[in-house]
Amino acid sequence: MVKTRVVLMPQYMGKFQCIGSKCEDNCCYGWKVNIDNKTYKKYRKSNESSLKFLLNLNIKRNRSNASPENYAKIKMKQNGDCPFLEEDKLCKIHKELGPEFLSKVCRIYPKFTNIVNEVYEESATLSCPEMARLVLLNRDIMEFDELEESADIDNNIMRQININDIRYSNKVKKYFWELRIFIITLLQNRKYSITNRLIILGLFLKKLQECVNSEKIKIVPSIIQEYNNIIESGDLEKYLDSIPVNLSIQMELMKEFNDHRFSTGFSQNARPYINCVTEFLSGIEYTDKAKIEDIVKLYGEAYLNIYEPFMKDHEYILENLLVNYVFNQLFPIESKWGVFDDYMRLVIYYSLIKMLLIGMSAYNEKLDERLIIRLVYSFSRAVEHNNVFFNNTFELFKQNGYNTMAYMAILIKN
Ligand code: SF4
């Protein structure tokens, strides 16, 4: 009998298919591509003469810290491209030997898996533009399916937790499911603007953090109930409207982020992201010599004239971005940081994308789905796939004292 396992996944996962040569980019450059030992052995045995030479030349054993997963690696070309990628943007190994000869990494990308208790949760990185389209461009509320699949299917496991572990009996992790349901429901509550949903989430997580600090974990369900009542009543609307907008501080934070990102250098897979940042900077005429008030004026105009009118009808794109993040990062409890720190990371992620889009829309004199997908997949390649960089930026924000709800609201609100 075939052994099976339970899998939870957003519905978009079932629709994904690599579009190969029709892809506006490809995923075959700039990465370190590991070859697992099973695939390596298949290559050694292959008699396909036209490929044999290329395989021998470009697949190299990992001599230090090798494991069954990273037994060997592909030696990329000097420009970062994969040597097996052909002019039609198709993979020579896939074409001549078939998909079963692809390494595990290439076969699984852009999907990855978290295991929560015994359940395999499948989702995807947005660094693939086709996947980014499926995740973001769906007008309906993102829904999830629980299915059964063969236990033999390969996966790339990123995180694994068991929330029933006795060690978590007095930790916020114990309420993982209650928190996840509350947060996703709030982020999908279209009675509120996306800005207000994010600010309410911050107020809630600030309160949750206080409860963690004072070790009153048992009251988590009552805080959830209290916030459900507040959200339902609409009592917060007046307060949310009174939060001031401060575009100068947004620009300063953006500058710090960019200076830091550029000072750490870029790998080849950040090429499309560099184009996006260049468009952002040109769009709002951001130079060393420009006055901050002039930059802020152009940024504010781009927001009012281009970004806001488009987003009024397309807020579901930002909603999907956030819900996907919450689901696949096991937000907010699966990190070594506190729940409010995790919220800061989410806000930095969201607001950087928003700010870049505003500047890019000024440069392109329009905002549309193509531009959003181009930014989101490029950002994911350059930033999300670089944990060290994201952690450093986050620490920098904290050192500068930006880790307060007031600063988070400034980042979120335009
Ligand atoms: S980026 Fe996505 S759609 Fe494009 S080639 Fe890679 S897997 Fe296929």
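Computed from heavy atoms alone, side chains included, the values below leave out hydrogens, waters and symmetry copies. Order of listing sets the numbers, starting from 1, for every ligand and every atom in it.
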Taking 4.0 angstrom as the limit, do Arg197 and Glu315 come out as a salt bridge? yes
Are Tyr343 and Phe340 close enough that their ring centers fall under 6.0 Å? yes
Atom 2 (Fe) of ligand 1: the protein heavy-atom neighbour that sits closest, reported with distance to 0.1 Å: Cys128 SG, 2.4 Å
Regarding Glu122 and Asn155, is there a side-chain donor-to-acceptor distance under 3.5 Å anywhere? no
Looking at ligand 1, would Lys111 count as a contact under a 4.0 Å heavy-atom criterion? no
Tyr363/Phe280 aromatic ring centres below 6.0 Å: no
What atoms in ligand 1 come closer than 4.0 Å to a heavy atom of Pro129? 1 (S)
Considering heavy atoms of the protein only, find what lies nearest to atom 8 (Fe) of ligand 1 and give residue, atom and distance to 0.1 Å. Cys18 SG, 2.4 Å
Exactly one of Ile181, Thr185, Leu187, Leu186 clears side chain to side chain contact (heavy atoms under 4.5 Å, CB included) with Ile183, and that residue is Leu187
Metal site atom 6 (Fe) of ligand 1: N/O/S of Cys27 inside 2.8 Å: yes
What do we get for Arg381 next to ligand 1 when only non-hydrogen atoms under 4.0 Å count, side chain, backbone, both or neither? side chain
Looking only at heavy atoms, is any part of Cys23 under 4.0 Å from ligand 1, and if so is it the side chain, the backbone, or both, or is it neither? side chain
Quick check on Lys38: does its NZ atom have over 12 non-hydrogen neighbours (other residues, nucleotides or ligands) under 6.0 Å away? no
Counting from 1 in the order shown, the ligand 1 atoms closer than 4.0 Å to a non-hydrogen atom of Glu130 are 3 (S)
